[in-house]
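See structure below.
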Amino acid sequence: MPITQQLDHDAIVIGAGFSGLAILHHLREIGLDTQIVEATDGIGGTWWINRYPGVRTDSEFHYYSFSFSKEVRDEWTWTQRYPDGEEVCAYLNFIADRLDLRKDIQLNSRVNTARWNETEKYWDVIFEDGSSKRARFLISAMGALSQAIFPAIDGIDEFNGAKYHTAAWPADGVDFTGKKVGVIGVGASGIQIIPELAKLAGELFVFQRTPNYVVESNNDKVDAEWMQYVRDNYDEIFERASKHPFGVDMEYPTDSAVEVSEEERKRVFESKWEEGGFHFANECFTDLGTSPEASELASEFIRSKIREVVKDPATADLLCPKSYSFNGKRVPTGHGYYETFNRTNVHLLDARGTPITRISSKGIVHGDTEYELDAIVFATGFDAMTGTLTNIDIVGRDGVILRDKWAQDGLRTNIGLTVNGFPNFLMSLGPQTPYSNLVVPIQLGAQWMQRFLKFIQERGIEVFESSREAEEIWNAETIRGAESTVMSIEGPKAGAWFIGGNIPGKSREYQVYMGGGQVYQDWCREAEESDYATFLNADSIDGEKVRESAGMK
Ligand code: N01
């Protein structure tokens, strides 16, 4: 029997979040038998595992949703400008039902290994329980920020109280009423959970190492008129977001923060601060992401806001970032974050000046002081972009494991979609894809994959693979893109995850493409217009021959 008849599916997609659902839908449309395998017991990806109190989108609902399905657009109703995690999870489950995706989603199926069979040209996917499935194509939809990390603090396993990570939150929730709680981490997750914990906990101890520049979101209800406007204009909204460097539907500023008068600068900062969220970062001035001087002006404005809100001057000072400027870390948005530090049950501790010494059986030892706690919440983030891919064994040609290839050659991809040495393997939100509101590159990526795999099928191409040369070209562009921003200067100072700086020992490479989401889409379009030449040019597959036999230029 030919091997193709012994395969379980045409494509196996790992992960049932935004990416997996979009890919399954789009590959079904071209007749590919596609199966999602999902490690957890639910649909929703990031939104299924990060069920901590306060979790919600940092992007507004109208560009944090797919535009491709008219049924979903017409029938789904968002209720909040920044939907909470439960609402986003409900949206994704609604999509799964409305597009009839569930029958091709296998839950509780954690992948341990995926191995390329070079002789027969298929992927063998092996699960934790020892079972396996074979498919021609393997697609990672495991998420860019899914591999949660705990810090290397001595004694972490000795704590007798309860321990939680924001990215592995118990499904039934946790009752913190009256408890003594410690939180480690003040990134986007910490910033969301801290105000909620403060309302419940008897005492809340926040261990802050690097403060953030938090912009208030100013959340709002979505009324029927607003929802209808969005329904009527979804295509235009999505189109504008896909042309925006950060994948958001926002206006383009015209002035430089450095060149306008002080009064004008203050007026603009104030008005965008009021509008809230990513509007401040994106709509104030042209150069907050490119000029260190402009970024410092925004930093000082936010510091003045912190001092205005937080009553205790010492606490306010500790909350003010000083070692890096605005945009040095991914800008987090808040919901009453700074006000929380005016509560008498909330205590801010400086884990930079005095690091956490260890975790004891009773709590957190900070300097010489032991804080006795009932629970510790780790809001300590992720092994971003590469973590999910290097945590399992993805074994390509010649037995090479993906994590070893990247450790040896450096982080290399062909526009974040494929990797040399790993034939018939695609990634959604792979490393070196845009630093952006992620729903936009997820949808566009799924549609790109649909057209690419249709092309492959129609021409009878058995195997695709990019060359090392294609990866070097994209790596150079990734570096160029990053170096045109302040992130390349400020990110390393801030230990930002986008440069691998949040993990001791991780190589400092640009994990994301910062040259702009719209520029990235141009590269994807160009690849397509060249009949995917760079995706069919690896030595191993003799790209020349592949193209010739498929009647291509
Ligand atoms: O993780 P982070 P996150 N001692 O890496 C601290 C997305 N996201 O989960 O900065 C003390 O940002 C660490 O301190 P430092 C979003 O893209 C999106 O919050 O290394 N502290 C830092 O404060 C975001 O950027 C949304 O000095 C320690 C924190 O832990 C990304 O996920 C919501 C420590 C980790 O912050 C990651 O955000 C949430 C130690 N030993 C997240 N080790 C939405 O869009 C680590 N820390 C809604």
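The first residue of the sequence shown is numbered 1, and numbering continues consecutively from there.
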Problem - Residue Arg115 excluded, over 12 heavy atoms near CZ under 6.0 Å - result: no
Exercise for the section: Give the ring-plane orientation class for Phe66 versus Phe18, where under 30° counts as parallel, over 60° as perpendicular and anything between as tilted. Expected result: perpendicular
Practice task
Scan for ring-ring contact (aromatic ring centres under 6.0 Å, His included) pairs involving residues 378-401, sequence neighbours excluded, and state none if there are none.
Solution key: Phe150-Phe378
Practice task
For the residue pair Phe238 and His62, establish whether any side-chain heavy-atom pair is separated by less than 4.5 Å.
Solution key: no
Practice task
Drop me the distance from Asn537's CG to Arg468's CZ, to the nearest 0.5 angstrom.
Solution key: 12.5 Å
Problem - Pair Lys133 + Asp124: basic N to acidic O under 4.0 Å - result: no
Problem - Check: Asn50 and Tyr52 side chains under 4.5 Å, non-hydrogen atoms - result: yes
Problem - Residue list, salt bridge (charged side-chain N to carboxylate O under 4.0 Å, His left out) with Lys179, at least two apart or on another chain - result: none
Exercise for the section: Supply the atom-to-atom distance Ser19 OG to Ile139 CD1, rounded to the nearest 0.5 angstrom. Expected result: 10.5 Å
Practice task
Spell out, as yes or no, whether a donor-acceptor pair under 3.5 Å connects the side chain of Asp531 to the backbone of Ala533.
Solution key: no
Problem - Trace of the side chain to side chain contact (heavy atoms under 4.5 Å, CB included) decision for Tyr520 with Thr433 - result: CA-CA 8 Å; Tyr520 175 81; Thr433 47; 3.4 Å; yes
Exercise for the section: Give a yes or no answer on whether the side chain of Asp10 reaches the backbone of Leu32 with a donor-acceptor pair at less than 3.5 Å. Expected result: no
Practice task
Report yes if some heavy atom in the side chain of Val222 is under 4.5 Å from a heavy atom in the side chain of Thr79; otherwise report no.
Solution key: no
Handout entry: Qualifying residues under side-chain contact (heavy atoms from CB on, under 4.5 Å), relative to Lys199, sequence neighbours excluded
Key = Glu196, Arg343
Can you list, pair by pair, the side-chain donor-acceptor contacts under 3.5 Å of residues 413-425, counting residues two or more places apart and other chains?
from: Thr413; atom 1: OG1; to: Gly416; atom 2: N; distance (Å): 2.8
from: Thr413; atom 1: OG1; to: Gln432; atom 2: OE1; distance (Å): 2.7
from: Asn414; atom 1: ND2; to: Ser466; atom 2: OG; distance (Å): 3.0
from: Asn414; atom 1: ND2; to: Thr534; atom 2: O; distance (Å): 3.2
from: Asn414; atom 1: ND2; to: Thr534; atom 2: OG1; distance (Å): 3.1
from: Thr418; atom 1: OG1; to: Ser466; atom 2: OG; distance (Å): 2.6
from: Asn420; atom 1: ND2; to: Glu465; atom 2: OE2; distance (Å): 3.3
from: Asn420; atom 1: ND2; to: Ser466; atom 2: O; distance (Å): 2.8
from: Asn424; atom 1: OD1; to: Phe464; atom 2: N; distance (Å): 2.8
from: Asn424; atom 1: ND2; to: Arg136; atom 2: O; distance (Å): 3.4
from: Asn424; atom 1: ND2; to: Glu462; atom 2: O; distance (Å): 3.1

Handout entry: Side-chain donor-acceptor pair present, Trp48, Asp41, cut-off under 3.5 Å
Key = yes
Practice task
Indicate yes or no: at least one non-hydrogen side-chain atom of Asp374 is less than 4.5 angstrom from one of Val181.
Solution key: no
Handout entry: Donor-acceptor contact present, side-chain Thr478 to main-chain Trp474, <3.5 Å
Key = yes
Practice task
With sequence neighbours left out, write down each residue that passes side-chain contact (heavy atoms from CB on, under 4.5 Å) with Ile503, or none if nothing qualifies.
Solution key: Ile149, Asp383, Lys506
Practice task
Verify whether one side chain among Trp448 and Gln450 offers a donor that lies under 3.5 Å from an acceptor in the other.
Solution key: no
Practice task
With sequence neighbours left out, write down each residue that passes salt bridge (charged side-chain N to carboxylate O under 4.0 Å, His left out) with Glu86, or none if nothing qualifies.
Solution key: none
Exercise for the section: For Glu87, enumerate each residue passing the salt bridge (charged side-chain N to carboxylate O under 4.0 Å, His left out) test, keeping only those at least two apart in sequence or located in another chain. Expected result: none
Fill in the blank from the handout: From the list Tyr234, Tyr91, Trp226, ring pair (Phe, Tyr, Trp, His ring centres under 6.0 Å) with Trp78 holds only for Tyr91
Practice task
Please list, chain by chain and in numerical order, all residues satisfying salt bridge (charged side-chain N to carboxylate O under 4.0 Å, His left out) with Asp175, sequence neighbours excluded.
Solution key: none
Handout entry: cation_pi(Arg451, Phe455) dist<6.0 Å, angle<=45
Key = no
Practice task
Classify the angle between the aromatic ring planes of Phe94 and Trp76 as parallel (below 30°), tilted (30 to 60°) or perpendicular (above 60°).
Solution key: tilted
Practice task
Decide salt bridge (Lys or Arg N to Asp or Glu O under 4.0 Å) for Arg525 and Asp522; before the verdict, give the C-alpha distance in whole Å, the side-chain angles of both, and the deciding distance to 0.1 Å.
Solution key: CA-CA 5 Å; Arg525 226 176 341 268; Asp522 287 344; 2.6 Å; yes
Practice task
Side-chain contact test, heavy atoms from C-beta onward, threshold under 4.5 Å: evaluate it for Arg110 versus Val37 and give yes or no.
Solution key: no
Handout entry: Under 3.5 Å donor-acceptor, Lys163 side chain and Ile156 backbone
Key = yes
Problem - Leu138 vs Ile14 side-chain heavy atoms within contact, under 4.5 Å - result: yes
Problem - For Arg56, side-chain contact (heavy atoms from CB on, under 4.5 Å) partners two or more places apart - result: Gln80, Tyr82, Asp84, Gln192, Asn219, His335
Exercise for the section: Measure the acute angle between the ring planes of Trp169 and Phe176, then classify it against the limits of 30° and 60° as parallel, tilted or perpendicular. Expected result: tilted
Exercise for the section: Assign the ring pair Tyr64 / Trp47 to parallel, tilted or perpendicular, where the plane angle (0 to 90°) is split at 30° and 60°. Expected result: perpendicular
Exercise for the section: Would you check, one step at a time, whether the test side chain to side chain contact (heavy atoms under 4.5 Å, CB included) holds for His244 with Asn282? Expected result: CA-CA 10 Å; His244 191 283; Asn282 287 296; 3.5 Å; yes
Practice task
Determine yes or no for a side-chain-to-main-chain donor-acceptor pair under 3.5 angstrom, with Thr57 supplying the side chain and Ser59 the backbone.
Solution key: yes
Handout entry: Pairs involving residues 235-248, ordered by first then second residue, that meet salt bridge (charged side-chain N to carboxylate O under 4.0 Å, His left out) (sequence neighbours left out)
Key = Arg73-Asp235, Glu239-Lys243, Arg240-Asp249
Exercise for the section: Rounded to the nearest 0.5 Å, what's the gap from CZ on Arg102 to CD1 on Ile95? Could you check? Expected result: 11.5 Å
Handout entry: Residue pairs passing the salt bridge (charged side-chain N to carboxylate O under 4.0 Å, His left out) test where at least one lies in residues 13-32, sequence neighbours excluded
Key = Arg28-Asp104
Exercise for the section: Return the minimal non-hydrogen interatomic distance between Ala96 and Ile43, and the atom names on each side. Expected result: CB-CD1, 3.9 Å
Practice task
Establish, from distance only, whether the side-chain atoms of Glu477 and Tyr513 form a donor-acceptor pair under 3.5 Å.
Solution key: yes
Fill in the blank from the handout: Sorted by chain and residue number, the side-chain contact (heavy atoms from CB on, under 4.5 Å) partners of Thr77 (sequence neighbours excluded) come out as Met227, Arg231
Handout entry: Side chains of Arg403 and Asn391, donor plus acceptor under 3.5 Å
Key = no
